[in-house]
Amino acid sequence: MAVAQQKLPEPSLQTAEELGLSAEEFERIRQLMGRMPNFTELSMFSAMWSEHCSYKNSILWLKTLPREGESLLTKAGDENAGLVDIGDGWACAFKIESHNHPSAIEPYQGAATGVGGIHRDIFTMGARPIAALNSLRFGLLTEARTRFLLRGVVKGIGDYGNAFGVPTVAGEVYFEPCYHTNPLVNAMSVGIVRIGQTVSAAAKGPGNAVFIVGSATGKDGIHGASFASQDIGADAHEDLPSVQVGDPFAEKLLLEASLEAIQTGAILGMQDMGAAGITCSTCEMSARAGTGMDIHLDRVPLRQANMLPWEILLSESQERMLLVVHSGREDEVLRIYEKWDVPCVKIGEVTDSGRVRCFMHGDLVADLHASWLVVGGGAPQYERPYHPAAYREKQQLFRLDALPVPDDLRAVAMQLAALPNMASKRWIREQYDDMVGLAHSKQKVCDAAVLRLPDSRRGLAVTVDCNARYVYADPYLGAQIAVAEAARNLVCSGARPLAITNCLNFGNPYDPEVYWQFVEAVRGMGDACRAFRTPVTGGNVSFYNQSESGPVFPTPTIGMIGVLEDAERSVPAAFQCQNDLIYLIGENRNDLNCSQYLSAICGVEHSPAPYFDLEQELRVQQAVATLIRKDLLASAHDVSEGGLFACLLESALWGNKGFDVSTDPELRPDAFLFGEAQGRIIVTVRPDKENEFLRCIMDLHVEFSCLGQVTEEALVIDQVHWGSLQEWRDAYENSLQRLLEAS
């Protein structure tokens with residue numbers, strides 16, 4: 001061991017602290033090992049006990065989330081991604097993760113490798129990725145840095161996804177000042193696999209071979225997990241080596257080779273090498289199976305000469321995976337990877353010791369029990385102090401009756417339609433290939449993306465949702481709303497919600513107000529998921545999204561999947577035919593809280609969360625689902641950002657139709673048009689089905705009202721002509737691109 005430790009820092013408390021470990025954690029490591037760790041071992045602990053890998057400040061609360069359901073085929077955390085039975089012998093593997101810090105430093109590679117990494121989590125289970133989604137947050141578009149980050153992130157996502165051959169089918173983009181330094185880049189992958197043909201992420205069977213497959217290992221990404229576990233500072237650009245570099249063409253070969261190799265039955269276990277690289281995959285796979293591994297680091301293919309053991313162990317070079325192969329069947333696997341021109345090298349074997357032992361040229365350089373390093377094992381678990389945020393006092397000062405009603409509602413609506421948070425993201429969408437693979441049904445614009453399943457009439461609906469402004473105002477209610485909106489999008493599309501994955505983006509957990517936001521959001525998410533019967537299959541926690549200017553808005557992004565019995569019968573969000581009746585399911589309210597209108601037009605930054613009632617939301621969604629099953633709706637679109645007017649405008653533009661509606665004289669007209677009270681869905685009904693629609697909805701005991709009808713082209717509100725559809729199309733569809741071009 002002495003030879004391997006030459007020129008390395010002496011292990012000490014100072015060294016441990018420089019690696020991001022606390023004095024308490026360093027002492028815990030010494031007690032676990034019964035000796036002083038060497039530098040390589042200390043580095044492994046540093047990576048695996050980082051926030052990014054260990055979830056040490058979140059795991060206790062994550063355990064309170066509902067993690068069981070009749071459709072689930074795995075429990076949260078048991079495998080690389082969630083796995084849900086979607087019928088006809090198919091399972092859906094899906095997961096969302098963040099790549100925030102790397103994208104803040106190098107947006108192109110940060111976003112690209114985020115896409116590559118999440119797809120690997122899916123196909124390491126034996127599932128073929130068929131769709132990608134993303135949730136993005138940036139600062140204000142008037143800032144040069146925001147435009148630089150936006151262009152880089154979008155190009156990174158587009159280039160990697162397009163080359164890899166998986167369509168980007170849905171997403172969301174928001175612009176708020178709090179994300180100026182620390183953007184959020186959350187990437188979701190959805191894959192399908194035949195039930196019974198998955199592969200585990202466990203290292204089963206002592207004596208079986210351990211292989212590394214994929215790209216060679218370099219120094220890119222070393223300490224990437226630790227980098228993601230600290231605030232973004234003014235010198236963050238110096239952490240550029242912590243940003244990985246991706247190769248989508250190499251990943252495509254890795255995908256095809258791996259799926260073919262899995263079909264042989266020779267592979268017992270497989271895991272992506274993401275955060276903490278070889279260290280993470282060897283320890284987690286061993287811990288899941290209660291086994292160990294002997295790993296020979298000198299056999300690992302390297303891109304750079306003279307890499308030290310700790311560098312090899314912590315490298316986060318992309319497009320690499322760890323395999324466990326049946327002893328005696330190694331040649332079958334080697335032939336397949338050789339055919340696809342993918343490097344595949346045996347670097348060790350599974351043992352029954354429970355320990356991960358790493359050798360370099362025969363010298364033992366690290367010897368650790370696998371369970372010491374993993375979540376739920378020896379990794380520390382903390383509950384930090386928390387208390388309600390002081391800014392809540394400012395929210396209580398807001399008085400709706402003190403806000404004047406604007407004289408020119410049409411002018412306000414035109415402003416609203418052109419806001420970056422409201423306007424079409426066509427410029428972004430056009431840079432993604434959303435048709436490659438032919439799984440995505442683009443025949444209709446729906447509230448959720450609808451994917452066709454092979455050899456089946458069934459469809460899979462997918463969405464990502466979170467309004468972080470709501471969560472900032474009230475973390476408990478805001479997180480419930482995020483779950484409810486995701487479910488609402490699926491229901492409006494004709495799907496039955498099944499399960500969620502989440503990406504929980506928050507500031508520094510040592511800040512009591514940030515930790516309060518996290519705790520309340522987890523509570524709210526849990527209560528909503530129990531109500532909607534959509535268990536949590538897994539996901540990601542991203543803390544330390546904070547800079548010198550403060551934390552980002554708490555942003556618990558929800559990725560949700562659902563099933564349609566018949567993909568061809570998905571429900572469009574676009575208006576369909578002239579003279580169709582426009583109905584609102586749910587109840588309008590005198591509520592402007594947290595709306596885009598209130599914050600961006602009126603300049604009111606602090607207000608309570610919008611109206612939300614979980615039971616009412618459930619009734620509205622169940623009513624719409626019933627109406628869809630009875631084939632009574634021509635379209636359905638949920639009311640969210642921008643309120644009722646934005647919902648009507650989108651349905652009109654997508655359907656190339658106009659509308660003629662009336663406001664409610666009992667409500668403020670700005671609240672009626674622009675308020676964002678939850679639990680509302682706009683539907684259209686063909687005139688010949690109206691009587692049946694009315695009979696059915698009266699039996700469902702939900703609030704509803706008739707707003708007006710679909711027209712040929714113009715927008716009319718309260719008998720006032722608001723202009724042509726083309727005029728509104730220009731404001732809505734081109735404003736984002738104009739802002740970018742103006743720079």
- Query: Taking 4.0 angstrom as the limit, do Asp613 and Arg619 come out as a salt bridge?
  - Reply: no
- Query: So, are Arg392 and Glu520 salt-bridged, with charged N and O less than 4.0 Å apart?
  - Reply: no
Which atom of [X] lies closest to which atom of [Y], heavy atoms considered:
X      : Y      : result
Val462 : Ala448 : O-CB, 3.5 Å
Asn57  : Phe518 : O-CE2, 4.2 Å
Met422 : Glu641 : CE-O, 3.1 Å
Lys425 : Asn421 : NZ-O, 3.5 Å
Pro608 : Ala473 : C-CB, 4.0 Å
Ile428 : Leu736 : CD1-CD2, 4.3 Å

- Do Asn540 and Ser98 have a side chain donor and acceptor closer than 3.5 Å?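 Looking only at side-chain atoms, Ser98 and Asn540 do form a donor-acceptor pair, the distance falling under 3.5 Å.
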- Query: Does the side chain of Asn182 come under 3.5 Å of the side chain of Arg137 through a donor N or O and an acceptor N or O?
  - Reply: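 No, because no side-chain N or O of Asn182 sits under 3.5 Å from a partner of the opposite role on Arg137.
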Once you round to the nearest 0.5 Å, how far does [atom1] of [X] lie from [atom2] of [Y]?
X      : Y      : atom1 : atom2 : value
Ile481 : Arg488 : CD1   : CZ    : 8.0 Å
Ile585 : Asp638 : CD1   : CG    : 13.0 Å
Thr181 : Glu548 : OG1   : CD    : 8.0 Å
Phe672 : Leu707 : CZ    : CG    : 5.0 Å
Leu644 : Asp664 : CG    : CG    : 10.5 Å
Asn467 : Cys594 : CG    : SG    : 7.5 Å

Contact between [X] and [Y] at the side-chain level, heavy atoms closer than 4.5 Å - yes or no?
X      : Y      : result
Leu140 : His180 : no
Ile157 : Gln431 : no
Pro556 : Val471 : yes
Thr463 : Asp447 : no
Phe543 : Tyr55  : no
Asn134 : Val464 : no
Met525 : Gln480 : no
Leu673 : Leu416 : no

- Query: How would you list all residue pairs meeting salt bridge (Lys or Arg N to Asp or Glu O under 4.0 Å) that involve residues 592-611, not counting sequence neighbours?
  - Reply: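 Pairs touching residues 592-611 that pass the test: Arg469-Glu605.
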- Message: For Tyr611, does the six-membered ring have the charged nitrogen or CZ of Arg589 within the cation-pi criterion, i.e. under 6.0 angstrom from the centroid and within 45° of the normal?
- Response: yes
- Verify the ring-centre separation between Tyr472 and Tyr391: is it less than 6.0 angstrom? yes
- Message: Quick one, Met188 with Ser135, criterion side-chain contact (heavy atoms from CB on, under 4.5 Å). Give me CA distance, side-chain angles, the key distance, then yes/no.
- Response: CA-CA 8 Å; Met188 179 173 169; Ser135 176; over 6 Å; no
- Query: Counting distance only, does the side-chain N/O of Glu617 pair as donor-acceptor with the main-chain N or O of Gly679 below 3.5 Å?
  - Reply: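 A pair under 3.5 Å: yes.
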- Answer yes or no: is there a donor N or O on one side and an acceptor on the other, between the side chain of Asn502 and the main chain of Leu504, under 3.5 Å?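 Checked: no pair found.
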- Task: Given side-chain contact (heavy atoms from CB on, under 4.5 Å), test Arg738 with Asp730 step by step and report yes or no.
- Result: CA-CA 11 Å; Arg738 278 197 289 264; Asp730 180 64; 3.4 Å; yes
- Query: Would Trp654 and Tyr732 count as a ring-ring contact (aromatic ring centres under 6.0 Å, His included) if you check the C-alpha gap in whole Å, the side-chain angles of each, and the deciding distance to 0.1 Å?
  - Reply: CA-CA 11 Å; Trp654 295 335; Tyr732 176 76; 7.3 Å; no
- Test log, rule side-chain contact (heavy atoms from CB on, under 4.5 Å), inputs Tyr544 and His52: CA-CA 10 Å; Tyr544 299 97; His52 190 71; over 6 Å; no
- Message: Counting neighbours of CG on Asp408 that are heavy atoms of other residues, nucleotides or ligands and sit closer than 6.0 Å, is the number greater than 12?
- Response: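 More than 12 heavy atoms, drawn from other residues, nucleotides or ligands, come within 6.0 Å of this atom.
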- Going through the distances and angles, do Glu513 and His387 end up as a side-chain contact (heavy atoms from CB on, under 4.5 Å)? CA-CA 6 Å; Glu513 293 191 358; His387 57 71; 3.5 Å; yes
- Message: Check the orientation of Tyr179 and Phe553. Use parallel for under 30°, tilted for 30 to 60°, and perpendicular for over 60°.
- Response: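 Ring orientation of Tyr179 relative to Phe553: perpendicular.
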- Message: Students often mix this up, so state it plainly: with edges at 30° and 60°, are the rings of Phe645 and Trp722 parallel, tilted or perpendicular?
- Response: tilted
- Query: Run the side chain to side chain donor-acceptor pair (under 3.5 Å) check on Asp527 and Tyr476 step by step: do they pass?
  - Reply: CA-CA 9 Å; Asp527 286 349; Tyr476 178 76; 2.5 Å; yes
